[in-house]
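Step one of this worksheet: look at the structure below.
Fair warning: this is a prediction, and the values are worked out from it, not measured in the lab. By convention here, the first residue in the shown sequence is residue 1.
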Amino acid sequence: MVQGGSALGSSANRNYISNAGFVVTADSVVVIDALGSPALAEELLAQIRRVTPLPVRHVIVTHYHADHIYGLQAFKAAGATVIAQRAAGSYLNSDTAVQRLKASREELFPWIDETTRLVPADRWIDGPTTLTIGGMEFRLQPVGPSHTPEDLVVYVPKLRMLFAGDLVFRGRVPFVGQADSGHWITALDELLAFPIDLVVPGHGPASSTARADLEMTRDYLVHLRRTMGEAARNMEPFEEAYAKADWSRFDKLPLFRAANRINAYNTYLLMEHEAK
């Protein structure tokens with residue numbers, strides 16, 4: 001795997017803020033996620049070539065957030081087939097995706113420019129799917145809507161390894177955004193039943209303490225929903241609820257100041273909606 005920094009995307013860091021991984025099989029390489037710019041994807045391809053001469057034939061996308069997919073065109077040029085969960089199609093065809101790319105061409109220039117494009121999947125999956133590639137089994141499990149509607153995790157039984165995408169943020173506060181945090185918690189509980197020795201999260205270092213790291217992300221989401229849900233039910237103003245909430249378990253994590261307030265506010269709005 002390669003590990004992006006615990007930061008917000010910028011031209012200074014080339015949008016290198018997420019992780020990607022690859023598995024070498026008997027006849028080819030399977031890549032999970034494509035990083036946040038074509039230049040980063042080219043560097044990952046070069047790293048793979050240092051490990052094996054085998055071709056990259058498949059790229060599995062855990063979700064279509066910019067920091068995970070702007071490198072896809074480099075893998076397509078190398079001959080890879082892109083696989084993703086079908087719900088991502090709605091985002092790709094949306095004005096949001098177009099405007100996000102337009103903004104990225106300015107904010108992340110020169111790493112994202114007029115040549116950077118959105119790449120759809122060559123194969124869309126609709127449910128749990130098992131692929132056997134080079135004698136290696138890959139179990140693709142849709143787990144959205146959670147962090148995004150199209151969340152997908154990849155489990156490799158032979159390695160007892162889970163590529164968790166952004167269902168797991170390790171060593172930093174998760175980015176919740178418009179997530180369905182209730183279903184996200186359910187999905188994490190389901191993943192806790194998998195026999196896992198190693199987790200590659202969407203952000204942060206790989207984890208050999210799978211249960212603890214799955215539980216950390218889950219517990220953060222549970223805390224958001226509990227505190228903001230109580231405030232929403234009591235019609236307590238957000239500012240008051242946020243000020244009195246106990247964030248001590250999480251406030252030392254990287255990006256707490258950047259992410260926690262907006263996470264809490266979006267959760268407050270979600271819990272207001274769910275209470276109606």
Side-chain angles (χ1 to χ4, degrees), residues 1 3 18-23 25 30-33 58-65 68 83-88 123-133 135-226 229 249-250 253 263 267 270-271 274:
M1 66 166 285
Q3 180 185 327
S18 65
N19 299 341
F22 64 94
V23 178
T25 77
V30 177
V31 173
I32 296 89
D33 284 339
H58 299 85
V59 178
I60 303 170
V61 180
T62 63
H63 65 296
Y64 262 79
H65 275 177
H68 296 262
I83 303 170
Q85 208 271 348
R86 188 177 299 278
R123 178 178 176 183
W124 297 107
I125 68 167
D126 295 297
T129 302
T130 298
L131 305 176
T132 302
I133 300 168
M136 187 85 74
E137 184 179 291
F138 296 82
R139 297 181 189 173
L140 282 55
Q141 178 67 47
V143 287
S146 296
H147 179 71
T148 66
E150 69 272 11
D151 287 310
L152 185 72
V153 299
V154 181
Y155 179 60
V156 188
K158 184 176 181 180
L159 305 177
R160 293 171 62 93
M161 176 182 290
L162 178 73
F163 292 91
D166 280 8
L167 254 71
V168 177
F169 286 68
R170 187 166 186 243
R172 55 159 285 189
V173 168
F175 171 70
V176 177
Q178 305 298 317
D180 183 339
S181 53
H183 192 272
W184 190 345
I185 291 165
T186 299
L188 287 168
D189 283 334
E190 291 173 356
L191 294 178
L192 281 164
F194 281 41
I196 303 168
D197 290 336
L198 189 69
V199 175
V200 176
H203 298 264
S207 168
S208 59
T209 54
R211 174 166 292 276
D213 289 302
L214 289 168
E215 287 175 348
M216 174 60 81
T217 299
R218 183 198 61 188
D219 291 353
Y220 175 73
L221 296 172
V222 168
H223 186 67
L224 281 177
R225 288 178 63 87
R226 182 186 301 120
R249 183 179 173 189
F250 310 103
L253 292 172
N263 286 347
T267 303
L270 174 67
M271 300 308 290
E274 290 185 4

Can you give me the closest heavy-atom contact between [X] and [Y], atom names plus distance?
X: Ala164; Y: Val168; result: CB-CG2, 3.7 Å
X: Pro149; Y: Ala87; result: O-CB, 3.8 Å
X: Ala210; Y: Val199; result: CB-CG2, 3.5 Å
X: Arg170; Y: Ala206; result: NH1-O, 2.7 Å
X: Glu150; Y: Ala88; result: CB-N, 3.4 Å
X: Glu137; Y: Thr130; result: CG-CG2, 3.4 Å

Looking only at atom types and distance, does a side-chain atom of [X] sit under 3.5 Å from a main-chain N or O of [Y], one as donor and one as acceptor?
X: Gln85; Y: Trp124; answer: no
X: Thr267; Y: Asn263; answer: yes
X: Tyr155; Y: Pro195; answer: yes

Which value, rounded to the nearest 0.5 Å, describes the distance between [X] atom [atom1] and [Y] atom [atom2]?
X: Arg123; Y: Leu131; atom1: CZ; atom2: CG; result: 5.0 Å
X: His68; Y: His65; atom1: NE2; atom2: NE2; result: 8.0 Å
X: Ile196; Y: Ser208; atom1: CD1; atom2: OG; result: 12.5 Å
X: Leu191; Y: Arg218; atom1: CG; atom2: CZ; result: 11.5 Å
X: Leu198; Y: Met161; atom1: CG; atom2: CE; result: 4.5 Å

Measuring only between side-chain heavy atoms, which start at C-beta, is [X] closer than 4.5 Å to [Y]?
X: Val23; Y: Phe138; result: yes
X: Ile133; Y: His58; result: yes
X: Leu162; Y: Val154; result: no
X: Lys158; Y: Met136; result: yes
X: Asp189; Y: Ile185; result: yes
X: Arg249; Y: Met216; result: yes
X: Thr62; Y: Asp166; result: no
X: Leu188; Y: Leu221; result: yes

Only one of Ile32, Val31, Asp33 forms a side chain to side chain contact (heavy atoms under 4.5 Å, CB included) with Val61, so which one is it? Asp33
Let's go through Tyr220 and Leu253 carefully: what are the C-alpha distance in whole Å and the side-chain angles of both, what is the deciding distance for side-chain contact (heavy atoms from CB on, under 4.5 Å) to 0.1 Å, and is it a yes or a no? CA-CA 11 Å; Tyr220 175 73; Leu253 292 172; over 6 Å; no
Taking it one step at a time, do Phe163 and Val153 satisfy side-chain contact (heavy atoms from CB on, under 4.5 Å)? CA-CA 6 Å; Phe163 292 91; Val153 299; over 6 Å; no
So, do Phe169 and Phe175 have ring centers that fall under 6.0 Å from each other? no
What's the verdict on side-chain contact (heavy atoms from CB on, under 4.5 Å) for Ile83 and Ile125, showing C-alpha distance, side-chain angles and the deciding distance? CA-CA 7 Å; Ile83 303 170; Ile125 68 167; 4.0 Å; yes
For Asp151 and His63, which I'm curious about, is there any donor-acceptor pair between the side chains at under 3.5 Å? no
Donor-acceptor pairs are to be reported for all side-chain atoms of residues 177-184 against protein atoms at under 3.5 Å, with residues two or more places apart or in another chain.
| from | atom 1 | to | atom 2 | distance (Å) |
| --- | --- | --- | --- | --- |
| Asp180 | OD1 | Gly182 | N | 3.4 |
| Asp180 | OD1 | His183 | N | 3.1 |
| Ser181 | OG | Arg225 | NH1 | 3.0 |
| His183 | ND1 | Val143 | O | 3.4 |
| His183 | ND1 | Pro145 | O | 3.1 |
| His183 | ND1 | Ser146 | OG | 3.2 |
| Trp184 | NE1 | Leu167 | O | 3.0 |

